[in-house]
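Here is the structure we will look at.
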Amino acid sequence: MIICKTPREIDIMREAGRIVAQTHQELKKYVAPGITTKELDLIAEEYIRKHGAEASFKGYNGFQGSICASVNNELVHGIPGGRVLNEGDIISIDIGAKLNGYHGDSAWTYPVGEIGEDTKRLLDVTEKSLFQGLQEAKPGERLTNISHAIQTYVETNGFSVVREYVGHGIGQELHEDPQIPHFGPPGRGPILKPGMVLCIEPMVNAGKRYVSTLSDNWTVVTVDGKMCAHFEHTIAITETGYEILTQP
């Protein structure tokens with residue numbers, strides 16, 4: 001069941017989303033060669049708590065970190081630990097914050113120092129695919145118009161869209177209906193309505209689309225070992241279009 005939020009609920013989620021966005025801005029200052037993913041995790045948790053929220057991911061289904069920190073060919077759900085970032089790496093950081101019972105959720109992929117031109121292009125295309133999808137986020141439109149726009153943009157640029165992991169609704173629960181694939185034909189799925197709050201999060205591989213999960217039962221990696229990227233915003237459907245909730 002898709003739960004449409006009231007204006008009051010969206011106000012709370014806008015504030016939760018702002019904390020998520022500001023946590024990203026804070027972490028971006030520290031993403032550099034020599035830092036560990038655990039250090040980034042501790043910085044994020046302290047920042048989120050300082051601003052009156054709690055980390056949505058901490059303890060979620062047993063997850064150990066406050067953020068997901070996924071490096072290079074790690075797509076999502078990377079567990080923060082002793083891994084040291086090196087020049088030329090990329091890191092996808094997924095952050096959730098819960099405030100007054102409601103969640104905000106956003107992921108971004110960052111370069112570590114100087115990265116190669118092919119990797120820059122992967123990040124650029126993945127980020128732009130998110131906004132291609134958001135152009136279709138309008139009341140009265142079908143959900144998979146977003147999916148189709150993302151897939152078309154990604155594949156036109158020579159990359160692959162992951163199928164196994166999708167976007168989702170969000171609210172008092174971190175993951176709510178509907179599920180939002182980033183691939184597929186347009187004109188399907190539920191009709192978008194004002195008050196729906198959705199996480200759109202294309203996950204894109206430089207090589208083939210296939211992924212697998214490591215023995216830690218969390219970290220998802222590309223099967224071919226090539227780089228991947230992940231960009232996500234939480235949005236609310238409005239009377240005229242959409243509003244990004246996860247921005248400063």
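Nearest heavy atom pair, residue Pro186 against residue Asn145, reads CB-OD1, 3.4 Å. Contact between Pro248 and Ala21 at its shortest, heavy atoms only, is N-CB, 3.5 Å. Counting all heavy atoms, side chain and backbone alike, Val20 lies closest to Ser106 at CG1-CB, 3.6 Å. Contact between Pro33 and Gly113 at its shortest, heavy atoms only, is CD-N, 4.3 Å. Pairing each heavy atom of Gly133 with each of Ile150, the nearest pair is CA-CG1, 3.7 Å. When all heavy atoms of Pro139 and Gly241 are compared, the closest pair comes out as CD-N, 3.7 Å.
Using modelled atom types, no side-chain atom of Asn72 and backbone atom of Met227 make a donor-acceptor pair closer than 3.5 Å. For the pair Thr119 (side chain) and Ile115 (backbone), a donor-acceptor distance under 3.5 Å is absent. Distance alone, capped at 3.5 Å, places no donor-acceptor pair between the Glu15 side chain and the Asp11 backbone. Side chain of Ser70 to backbone of Gly78: a donor-acceptor contact under 3.5 angstrom is found. A donor-acceptor pair under 3.5 Å is formed between the side chain of Thr6 and the backbone N or O of Glu9. Formation of a donor-acceptor pair under 3.5 Å by the Lys5 side chain with backbone atoms of Ile170 is found in this model. Judged purely by atom type and a 3.5 angstrom limit, Gln22 has no side-chain atom pairing as donor or acceptor with the backbone of Ile19. With hydrogens and angles disregarded, no donor-acceptor distance shorter than 3.5 Å links the side chain of Asn217 to the backbone of Thr213. Judged purely by atom type and a 3.5 angstrom limit, Asp89 uses its side chain to pair as donor or acceptor with the backbone of Asn86. A donor-acceptor contact shorter than 3.5 Å links the side chain of Gln151 to the backbone of Gly184.
Within the structure, side chain to side chain donor-acceptor pair (under 3.5 Å) contacts touching residues 189-207 (residues at least two apart or in different chains) are His168-Glu201, Glu201-His230. Among residue pairs with one or both ends in residues 36-67, those qualifying as ring-ring contact (aromatic ring centres under 6.0 Å, His included) are Tyr47-His51, Tyr60-His175, Phe63-Trp218; sequence neighbours excluded.
Between Arg49 and Glu46 there is no salt bridge, since no side-chain nitrogen of the basic residue lies less than 4.0 Å from a carboxylate oxygen of the acidic one. Ion pairing between Glu141 and Lys138 fails under the 4.0 Å rule for side-chain N and carboxylate O. No salt bridge links Arg142 with Glu136; every basic N to acidic carboxylate O contact stays at or beyond 4.0 Å. Under a 4.0 Å N-O distance rule, the pair Arg121/Asp118 does not qualify as a salt bridge. A salt bridge links Lys58 with Glu45: at least one charged nitrogen is closer than 4.0 Å to a carboxylate oxygen. Taking the charged nitrogens against the carboxylate oxygens, Lys128 and Asp124 do have a contact shorter than 4.0 Å, which makes a salt bridge.
In this structure, CG in Leu245 is found 11.5 Å from CG in Asp105, a value given to the nearest 0.5 Å. Rounded to the nearest 0.5 Å, atoms CG (Leu40) and NZ (Lys28) are 14.0 Å apart. With rounding to the nearest 0.5 Å, the separation of OH in Tyr242 from CG in Leu198 is 12.5 Å. Distance check, rounded to the nearest 0.5 Å: OG1 of Thr238 to CD1 of Ile10 gives 9.0 Å.
Of the N and O atoms on the side chains of Ser92 and Thr109, at least one donor lies less than 3.5 Å from an acceptor on the other residue.
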Given the rule in the side chain to side chain contact (heavy atoms under 4.5 Å, CB included) test, do Ser56 and Leu174 qualify, once you have shown the distances and angles that lead to the verdict? CA-CA 7 Å; Ser56 299; Leu174 184 58; 4.1 Å; yes
Run the side-chain hydrogen bond (donor to acceptor under 3.5 Å, both in side chains) check on His77 and Thr219 step by step: do they pass? CA-CA 5 Å; His77 305 159; Thr219 309; over 6 Å; no
As a quick check of understanding, evaluate side-chain hydrogen bond (donor to acceptor under 3.5 Å, both in side chains) for Glu39 and Tyr30, giving each step before the final call. CA-CA 9 Å; Glu39 288 173 315; Tyr30 296 93; over 6 Å; no
Please test Leu214 against Val220 for side chain to side chain contact (heavy atoms under 4.5 Å, CB included), starting from the C-alpha separation and ending with a verdict. CA-CA 6 Å; Leu214 297 183; Val220 177; over 6 Å; no
Evaluate side chain to side chain contact (heavy atoms under 4.5 Å, CB included) for Tyr110 paired with His24, printing each intermediate quantity in order. CA-CA 10 Å; Tyr110 299 100; His24 270 287; 2.8 Å; yes
Side chain to side chain contact (heavy atoms under 4.5 Å, CB included) between Thr126 and Val154, intermediate numbers included: CA-CA 7 Å; Thr126 307; Val154 169; over 6 Å; no
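Looking only at side-chain heavy atoms (C-beta outward), Thr234 and Ile244 stay at 4.5 Å or farther from each other. Side-chain contact between Ile200 and Ile146 is present, with at least one heavy-atom pair separated by less than 4.5 Å. Looking at heavy atoms from C-beta onward, Arg83 lies in side-chain contact with Val71 at the 4.5 angstrom threshold. Contact check for Ile2 versus Met196: side-chain heavy atoms found under the 4.5 Å cut-off. At a threshold of 4.5 Å between non-hydrogen side-chain atoms, the residues Pro190 and Leu143 count as touching. The shortest side-chain heavy-atom distance between Met203 and Val161 does not fall under the 4.5 Å cut-off. The shortest side-chain heavy-atom distance between Ile67 and Asp94 does not fall under the 4.5 Å cut-off. Side-chain atoms of Glu243 and Arg14, non-hydrogen and from C-beta on, do get closer than 4.5 Å to each other.
Residues Met13 and Leu134 do not share a hydrophobic cluster, clusters being chains of Ile/Leu/Val/Met/Phe/Trp/Tyr side chains in contact below 4.5 Å. When hydrophobic clusters are built by joining Ile, Leu, Val, Met, Phe, Trp and Tyr residues whose side-chain heavy atoms come closer than 4.5 Å, directly or via intermediates, Ile93 is grouped together with Phe231. The cluster map of Ile, Leu, Val, Met, Phe, Trp and Tyr, joined by side-chain heavy atoms under 4.5 Å apart, puts Leu122 and Val112 in the same cluster. Val31 and Leu123 end up in the same hydrophobic cluster when Ile, Leu, Val, Met, Phe, Trp and Tyr side chains are linked at under 4.5 Å. Cluster membership check: Val125 shares its hydrophobic cluster with Phe183, using side-chain heavy-atom separations under 4.5 Å among Ile, Leu, Val, Met, Phe, Trp and Tyr.
Applying the side-chain hydrogen bond (donor to acceptor under 3.5 Å, both in side chains) test to Thr222 and every residue at least two apart in sequence or in another chain returns nothing. Partners of Asp41 by salt bridge (Lys or Arg N to Asp or Glu O under 4.0 Å), not counting sequence neighbours, listed by chain and number: Lys38. Every residue was checked against the salt bridge (Lys or Arg N to Asp or Glu O under 4.0 Å) condition with Lys50, not counting sequence neighbours, and none meets it.
Under the 30°/60° scheme for interplanar angles, the aromatic rings of Trp108 and His233 are found to be tilted.
With a 4.5 Å cut-off between side-chain heavy atoms of Ile, Leu, Val, Met, Phe, Trp and Tyr, the cluster of Ile3 takes in Met1.
Taking a 6.0 Å sphere around CD of Gln64, one finds it holds 12 or fewer heavy atoms contributed by other residues, nucleotides or ligands. Glu173 CD: 12 or fewer foreign heavy atoms inside a 6.0 Å radius.
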